[in-house]
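Heads up: the structure comes next, in structure tokens.
Both ligands and their constituent atoms are indexed starting at 1 by order of listing. Sequence positions, counted from 1, serve as the residue numbers for this chain.
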Amino acid sequence: MAYKCTNCGFTSVEWLGRCPQCGEWDTFARATPTDNDKAPDEPEEVADEKPRPLSEVSFDRQERLSTQIGELDRVLGGGLIPGSVVLLGGEPGIGKSTLLLQVAENLAAEGQVLYITGEESARQVKMRARRLGLSSDDLMVYSGISLEKSIKHLIEIDPVCVVVDSIQSIRSLGGSTLGSTKQVRELGQRFTRAAKSREITTLLIGHVTKSGEFSGPKTIEHLVDVTIYFEGKRDSNLRTLRPAKNRFGSTRSLGLFQMKEKGLEEILNPSRFFSTNSNHENQPGNVTVCSMEGTRPILVEIQALVTKASYGGSPQRRTTGLDYNRVSLLFAVLSKRNHLNLEEFDIYLNVVGGFRVSETAADLGILTAVLSSFYDVKIPKETVIIGEVGLSGEVRAVKNLKDRISETEKLGYRTLFVPANNQGLNGTELSLNLEKVKDISDTFSRLKLEV
Ligand code: TYD
Ligand code: MG
């Protein structure tokens, strides 16, 4: 005999005063065998499958569907695999609905697309579509929170693609509480089964909680083919797409967007976007570095501001877009090797454009920016600085140097500081000047950053 919570459906072998799942009091009742516990693995939405030789499994529609959004296609590994299930996670307000409405419109060129929303009314979706300038007749909207009805419409319409916005807002009749782990998992399973057996490409939206974990959605990550996070800061319009799992491609790619008045716009040339290699002179404290984002080299500008600390107070250290611990370590190396007393100074470091640089190849650029501000000496324009800094101040080799060199060359920079001991420096003819540096002092003296 089992007991069941009448509020959320949680079952237990003993009677409980308070439900551990939904937290309600006095909701447990005896569960009768006729209760709505339908065998979970016999869903009506699955087409009848029988075992068959692998060689007989048809494999015709394997080419990928393009979302017509290059940054997204790349993160997916070259477009959507028909019939695959993709989970898009992100904090509320980051732009998930906006991105997938744009995708839905683009895919409607291939056939009908169903946009199921449990979060907004059809009118609200229409308002967003108008703002984005979308108007396809093959984009069908269904606003509702019932899983059963959603699946029924999905089967009836049999679209090329379905968007579910969001997995936390749709529930099964007689199922668990809205947004609970159990409910999210059931929903994930039912949509995945329906989609797989009919080759309907499925895009699920999942909210990530403030603390950053993928709480509800995380529980269905094993069911889906691709999981992508949509990230960004409130105060910046930069948005990044990062794959966390991809059965059909690499998870080392990155998609970049800007949230604009009329929706999301791709950043097609990130190096131009994050660096200001323009005709005007660099200001003291500005240095361009080249950071790898997965397989993609991106030129990024780092800015440092070093000012005298107020007397007697502890010096301020602020970093935006850089790893604070790494930066502290670099300051220690600089103090020790160059006999600088940084204790008397406030230091602020910032990465231009809201980008995050997490690579040690930016080390040398960070220290150069700090010294450039400290001595108030400009770094010559059209210079890029690459190198990891070791504890004794030596400049260490970085990976993918060839790719970084060609990106720097492509963008018209003239001088590139690189680790002297790096592999891949010889051979090709270059239109830029390579400064091969051994350690930080060597770098600083070539840039005249000395007293
Ligand atoms: P939304 O897609 O609703 O976010 P999510 O589904 O992840 O919760 O986007 C919300 C924000 O994006 C909102 O603050 C308004 C802004 N926005 C734009 O700046 N431009 C646009 O064209 C749209 C549709 C939204
Ligand atoms: Mg939304």
Ligand 1 contact on I205 by region, counting heavy-atom pairs under 4.0 Å = neither
Is K4 positioned over the aromatic face of F28, cation under 6.0 angstrom from the ring centre and no more than 45 degrees off axis?
-> no
Which residue holds the protein heavy atom closest to atom 2 (O) of ligand 1, what is that atom called, and what is the gap in Å?
-> T98 OG1, 2.5 Å
Ignoring hydrogens, just give me the one of R128, E261, R131 whose non-hydrogen atom is nearest atom 18 (C) of ligand 1.
-> R131
What's the shortest distance from atom 4 (O) of ligand 1 to any protein heavy atom, and which residue and atom give it?
-> G95 N, 3.0 Å
Looking at atom 6 (O) of ligand 1, what's its closest protein heavy atom, distance included?
-> S97 OG, 2.7 Å
Part of P92 with heavy atoms under 4.0 Å of ligand 1, whether side chain, backbone, both or neither | backbone
Answer with yes or no whether the side chains of S136 and E105 bring together a donor and an acceptor at under 3.5 Å.
-> no
Going by the side-chain contact (heavy atoms from CB on, under 4.5 Å) test, name the single residue among E266, R272, E265 that passes it with L268.
-> E266
At a 4.0 Å threshold, what atoms of ligand 1 neighbour a non-hydrogen atom of K260?
-> 18 (C), 19 (O), 20 (N), 21 (C), 22 (O)
Got more than 12 heavy atoms from elsewhere within 6.0 Å of NZ, K262?
-> no
Any N, O or S atom of T98 closer than 2.8 Å to the Mg ion (ligand 2) | no
Minimum heavy-atom separation for E71 to L254, with atom names?
-> OE1-O, 4.1 Å
Quick one: look up the protein heavy atom nearest atom 22 (O) of ligand 1 and list residue, atom name and how far away it is.
-> G263 N, 2.7 Å
May I ask you to check whether D73 and T67 show a side-chain donor-acceptor distance below 3.5 Å?
-> yes
If you measure only the distance, is there a donor-acceptor pair under 3.5 Å linking the side chains of E407 and S271?
-> yes
Ligand 1 to K96 polar contact by distance, N or O atoms, under 3.5 Å = yes
Considering only heavy atoms of M259, which atoms of ligand 1 have at least one such atom less than 4.0 Å away?
-> 12 (O), 17 (N), 18 (C), 19 (O), 20 (N)
Would you say the side chains of E382 and T415 form a donor-acceptor pair under 3.5 Å?
-> no
Examine ligand 1 and decide if any of its atoms is less than 4.0 Å from a heavy atom belonging to E119.
-> no
Check the surroundings of atom CZ in R396: do more than 12 heavy atoms from other residues, nucleotides or ligands lie under 6.0 Å from it?
-> no
min-distance protein heavy atom vs atom 10 (C) of ligand 1 -> G93 O, 3.6 Å
Flag: protein heavy atom within less than 4.0 Å of atom 13 (C) of ligand 1 = no
